[in-house]
Amino acid sequence: MASISWNNLDTLESYKKLQSLKGKVSVAQELSQSGAARVAQYSIPMGGGMVYNYAAKQVDEQLVSVLKELASEAQLVEKYAALYNGEVINTGEKRMVLHQLTRGQLGGDVVADGVNKRAFYVEQQKKIADFASQIHAGKIVNEKGEKYTTVCQIGIGGSDLGPRAMYLALENWAKANNTFKMEAHFISNVDPDDAASVVASLDIAKTIFVLVSKSGTTLETLTNESFVKNFLKQAGLSVSKHLVAVTSETSPLAKNPDYMAAFFMDDFIGGRHSSTSAVGGAILSLAFGADVFARFLNGAAEEDKCATEKDITKNAALMDALIGIYERNVQGYPATAVLPYSQALSRFPAHLQQLDMESNGKSVNRDGKKIDYVTGPVIFGEPGTNGQHSFYQLLHQGTDIVPLQFIAFKQNQTGKDIVIQDSKSQTKLAANVVAQIVAFACGKDDANPNKFFAGGRPSSLIYGEQLSPEALGALLAHYENKVMFQGFVWNVNSFDQEGVQLGKTLAKAVLSGKTDGALKAFADLLITK
């Protein structure tokens, strides 16, 4: 493999070329001149039966050509190969980045501390599958010999957002396909009202709590652990019959007698990338069965393989990333809206907020030196059509242009629908997606300024037949790889999160009572002594 150079974006010749193309493409004009051909041409198959379409983006063949040069000059696919072959890509924490290994092996063996990491992740998946199978079969039961019916995950950040989004995404699918095993709930916020309301809704005697903490010392998670233990004891239940840990092998939770099982993760997988590890595997396997979790992993592995393609017109994640670089660094657009037209993906934008903003919300490069260009955009979103009646006003007629990413499916998950005014609900949902794409791109002329739509609002569409486990895995991997490629272009370390740490440190200082100045003044406003 050729040697890899890590350079700031503004030193690349291809970036200078890209800047010269600012505002050159009118998406409205391109769609009006060659709509059908453009929609067919600007389309890239993904894994899991999904397709990425960028026909409504502000791109043409000249721009795509320069994006190809940027991908080559920045060695993006080569850097991806370095990552999955086990090079130390996380420079801040001096670690490898191995979440792709949880769902397949793209390169050679990766060994750390004498352990084959792919074999380690497969071993943990098998342990989880065996445990889930015994729970579902009633071979592991509660104190009264009753089967468990519910699972509740205790975690925060990546230990909650990703697994919760994935569970909600597949809940209706699993029920419709007879693979639904156990209802799942989540406790994340240190706000005691969160834990209290969730626990009050459970049949606690038939609930398994999955505590997720890599270090076994996360303040919010251990606070909620104590909260739940207290509930169990008050109900006269044995703590060790209701707790499972997902943690590191060196954590104090690993051999804790309060836990009936422990499944392991490691430092090479960050929280926001952990849905395909034991962090997501335990709760998803308990909720839907290990076979469904395996299908989810297969979809992610398919898309990971697609992301190795050097030709950007055949690599959806890479094309999406590069167009995002053009929109952020050349067009100057400050945000991106993720708009899933599927209620099952109601928490997917929240997961992507963490994935993208925690990864690329950086202002220094991989070597800790200040950079002179913008990096990660603000990410937000809400399922359609709800969002249409909320923030789309700003998206259509506001002063900022916000690039849009629509996600849609031809079929719903349950097969249940009704015909109203000559069309099904799913047809109405799809019609709204199509209408919004064209409305944003082309706008509407009107003599009344209040009813004038400028258009020129670029969007992409990721679509598939149905939101299945494979489709969800591919969708997740697409965004993980997109964010990774953009981090490579910006020359930032997308795999640490120092911005999370300062608040934690100051909160501990407040709790210790040893504060003064502004910290004490604000604490006095809120904390009852």
*Asks:* Going by atom types alone, do Asn360 and Thr375 pair a side-chain donor with an acceptor below 3.5 Å?
*Replies:*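 On atom types as modelled, these side chains do not qualify, holding no pair under 3.5 Å.
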*Asks:* On a heavy-atom basis, which atom in Pro163 and which in Ser275 lie closest, and how many Å separate them?
*Replies:*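 Minimum heavy-atom separation between Pro163 and Ser275: N-OG, 3.6 Å.
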*Asks:* So, the side chain of Thr505 versus the backbone of Gln501: is there a donor-acceptor pair under 3.5 Å, distance only?
*Replies:*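 Such a contact is found between Thr505 side chain and Gln501 backbone.
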*Asks:* Asp258 pairs by salt bridge (Lys or Arg N to Asp or Glu O under 4.0 Å) with which of Lys241, Lys229, Lys233?
*Replies:*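 Of the listed options, the one satisfying the test is Lys229.
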*Asks:* Do Arg95 and Phe495 come close enough that some side-chain heavy atom pair is under 4.5 Å?
*Replies:*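 No, too far: nothing below the 4.5 Å cut-off.
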*Asks:* Ser188 and Arg164: side-chain contact (heavy atoms from CB on, under 4.5 Å), yes or no, with the steps?
*Replies:* CA-CA 10 Å; Ser188 59; Arg164 188 193 296 246; 3.5 Å; yes
*Asks:* What do you reckon, is CG of Asp113 surrounded by more than 12 foreign heavy atoms closer than 6.0 Å?
*Replies:*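 Atom CG in Asp113 is not crowded, with 12 or fewer foreign heavy atoms closer than 6.0 Å.
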*Asks:* Are a donor atom and an acceptor atom from the side chains of Gln405 and Ser460 found within less than 3.5 Å of each other?
*Replies:*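 There is such a pair (donor and acceptor under 3.5 Å, judged by atom type) between the side chains of Gln405 and Ser460.
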*Asks:* Using modelled atom types and a 3.5 Å cut-off, is there a donor and acceptor pairing between side-chain atoms of Asp496 and backbone atoms of Glu498?
*Replies:*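 The answer is no, because no donor-acceptor pair under 3.5 Å joins these two groups.
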*Asks:* Indicate yes or no: does Lys127 engage Glu123 in a salt bridge with an N to O separation below 4.0 Å.
*Replies:*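 The answer is no: the pair does not qualify as a salt bridge.
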*Asks:* With rounding to the nearest 0.5 Å, note down the distance linking NZ in Lys206 to NZ in Lys147.
*Replies:*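 Interatomic distance, Lys206 NZ to Lys147 NZ, rounded to 0.5 Å: 10.5 Å.
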*Asks:* Supply the atom-to-atom distance Lys310 NZ to Thr313 OG1, rounded to the nearest 0.5 angstrom.
*Replies:*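 It comes to 14.5 Å.
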*Asks:* Indicate yes or no: at least one non-hydrogen side-chain atom of Asn315 is less than 4.5 angstrom from one of Met319.
*Replies:*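 Contact flag for Asn315/Met319 side chains = no.
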*Asks:* Charged N to carboxylate O below 4.0 Å: is that the case for Arg295 and Asp291?
*Replies:*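 Asp291 and Arg295: not salt-bridged.
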*Asks:* Can you tell me if Thr247 uses its side chain to pair, donor with acceptor, with the backbone of Lys214 under 3.5 Å?
*Replies:*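 Present.
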*Asks:* Please list, chain by chain and in numerical order, all residues satisfying side chain to side chain contact (heavy atoms under 4.5 Å, CB included) with Ala132, sequence neighbours excluded.
*Replies:*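 Residues passing side chain to side chain contact (heavy atoms under 4.5 Å, CB included) with Ala132: His136, Ser285, Leu286.
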*Asks:* Once rounded to the nearest 0.5 Å, what's the spacing between atom CG of Leu101 and atom CD1 of Ile269?
*Replies:*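 Nearest 0.5 Å value for the CG-CD1 distance: 8.0 Å.
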*Asks:* Determine whether Phe120 and Glu249 make a side-chain contact, defined as any pair of heavy atoms from C-beta on separated by less than 4.5 Å.
*Replies:*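 Heavy-atom side-chain distance check passes, below 4.5 Å.
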*Asks:* Taking side-chain hydrogen bond (donor to acceptor under 3.5 Å, both in side chains) as the criterion, tell me which of Glu480, Gln353, His351, Gln497 meets it with Arg272.
*Replies:*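 So, applying the side-chain hydrogen bond (donor to acceptor under 3.5 Å, both in side chains) to Arg272 and each of Glu480, Gln353, His351, Gln497, only Gln497 qualifies.
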*Asks:* Taking it one step at a time, do Phe488 and Trp6 satisfy ring-ring contact (aromatic ring centres under 6.0 Å, His included)?
*Replies:* CA-CA 8 Å; Phe488 290 161; Trp6 298 91; 5.7 Å; yes
*Asks:* Please determine, by modelled atom types, if His273 and Gln100 share a side-chain donor-acceptor pair under 3.5 angstrom.
*Replies:*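 Looking only at side-chain atoms, Gln100 and His273 do not form any donor-acceptor pair under 3.5 Å.
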*Asks:* Could you tell me whether the side chains of Glu303 and Asn481 share a donor-acceptor contact shorter than 3.5 Å?
*Replies:*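 No.
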*Asks:* Using every non-hydrogen atom in the two residues, find where Gly138 and Val141 come nearest and quote the distance to one decimal.
*Replies:*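 Looking at all heavy atoms of both residues, the shortest contact is O-CG1, 3.3 Å.
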*Asks:* Hey, does the side chain of Glu143 reach the backbone of Leu237 with a donor-acceptor pair shorter than 3.5 angstrom?
*Replies:*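 No, Glu143 side chain to Leu237 backbone: no donor-acceptor pair under 3.5 Å.
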*Asks:* Test Val244 against Met260 for side-chain contact (heavy atoms from CB on, under 4.5 Å), laying out the working first.
*Replies:* CA-CA 6 Å; Val244 169; Met260 61 174 155; 4.0 Å; yes
*Asks:* So, Tyr167 side chain and Phe288 main chain: donor-acceptor pair closer than 3.5 Å or not?
*Replies:*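 Side chain of Tyr167 to backbone of Phe288: no pair is present.
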*Asks:* Distance under 6.0 Å and angle within 45° of the ring axis: does Lys482 meet both against Tyr479?
*Replies:*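 No; the conditions do not both hold, so Lys482 does not lie above the ring face of Tyr479.
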*Asks:* Answer yes or no: is there a side-chain heavy-atom contact under 4.5 Å between Trp490 and Arg328?
*Replies:*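 In contact.
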*Asks:* What are the two closest non-hydrogen atoms of Ser213 and Gly216, and how far apart are they?
*Replies:*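 Smallest heavy-atom distance, with atoms named: OG-N, 2.9 Å.
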*Asks:* If you define the side chain from C-beta out and look only at heavy atoms, does anything of Pro257 sit under 4.5 Å from Ser240?
*Replies:*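 No - every pair of side-chain heavy atoms lies 4.5 Å or more apart.
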*Asks:* In Å and rounded to the nearest 0.5 Å, what is the CE to CD distance from Met50 to Glu470?
*Replies:*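 Here the rounded value is 12.0 Å.
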*Asks:* Is the shortest heavy-atom distance from the side chain of His185 to the side chain of Thr150 under 4.5 Å?
*Replies:*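 Answer yes - side chains close enough.
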*Asks:* Is a donor on one side and an acceptor on the other found under 3.5 Å between the side chain of Asp191 and the backbone of Asp193?
*Replies:*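 A pair under 3.5 Å: yes.
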*Asks:* Is it true that a side-chain atom of Asp320 and a backbone atom of Ala316 form a donor plus acceptor pair closer than 3.5 Å?
*Replies:*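 No, the answer is negative, given that no donor and acceptor are paired below the 3.5 Å cut-off.
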*Asks:* Quick check on Lys508: does its NZ atom have over 12 non-hydrogen neighbours (other residues, nucleotides or ligands) under 6.0 Å away?
*Replies:*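 Not buried by this count: 12 neighbours or fewer within 6.0 Å.
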*Asks:* From the options Phe485, Phe348, Tyr52, select the one residue that forms a ring pair (Phe, Tyr, Trp, His ring centres under 6.0 Å) with His478.
*Replies:*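 Exactly one option meets the ring pair (Phe, Tyr, Trp, His ring centres under 6.0 Å) with His478, and it is Tyr52.
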*Asks:* Is there side-chain contact between Gln124 and Thr102, with heavy atoms separated by less than 4.5 Å?
*Replies:*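 No. Closest side-chain heavy atoms not under 4.5 Å.
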*Asks:* Between atom CG of Asn412 and atom CD of Gln343, what is the distance when rounded to the nearest 0.5 Å?
*Replies:*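 Answer for the CG-CD pair, Asn412 versus Gln343, is 12.5 Å.
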*Asks:* side-chain contact (heavy atoms from CB on, under 4.5 Å) for Lys79 and Glu87? Distances and angles first, verdict last.
*Replies:* CA-CA 9 Å; Lys79 287 170 182 174; Glu87 292 193 23; over 6 Å; no
*Asks:* Determine, stepwise, if the pair Asp109 / Arg118 fulfils side-chain contact (heavy atoms from CB on, under 4.5 Å).
*Replies:* CA-CA 8 Å; Asp109 288 342; Arg118 171 61 182 160; over 6 Å; no
*Asks:* Between Asp160 (side chain) and Ile187 (backbone), is there a donor-acceptor pair under 3.5 Å?
*Replies:*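 Side chain of Asp160 to backbone of Ile187, a donor-acceptor pair under 3.5 Å: no, none is there.
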*Asks:* Of all heavy-atom pairs between Ser277 and Phe293, which one has the smallest distance, and what is that distance?
*Replies:*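 Scanning both residues, the minimum pair turns out to be O-CZ, 3.9 Å.
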*Asks:* For Ala509, does its backbone N or O pair with a side-chain atom of Ser512 as donor and acceptor, under 3.5 Å?
*Replies:*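 The answer is yes, because a donor-acceptor pair under 3.5 Å joins these two groups.
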*Asks:* For residues Phe391 and Leu339, determine if any side-chain heavy atom of one lies less than 4.5 Å from a side-chain heavy atom of the other.
*Replies:*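 The answer is yes, as the side chains (C-beta and beyond) meet within the 4.5 Å cut-off.
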*Asks:* Using every non-hydrogen atom in the two residues, find where Gln125 and Thr276 come nearest and quote the distance to one decimal.
*Replies:*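 Residues Gln125 and Thr276, closest heavy atoms: NE2-O, 3.9 Å.
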*Asks:* What's the spacing between Leu211 CG and Glu225 CD if we round to 0.5 Å?
*Replies:*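 Interatomic distance, Leu211 CG to Glu225 CD, rounded to 0.5 Å: 5.0 Å.
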*Asks:* Classify the side-chain pair Gln105/Tyr121 by whether it contains a donor and acceptor separated by less than 3.5 Å.
*Replies:*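 Short answer, no.
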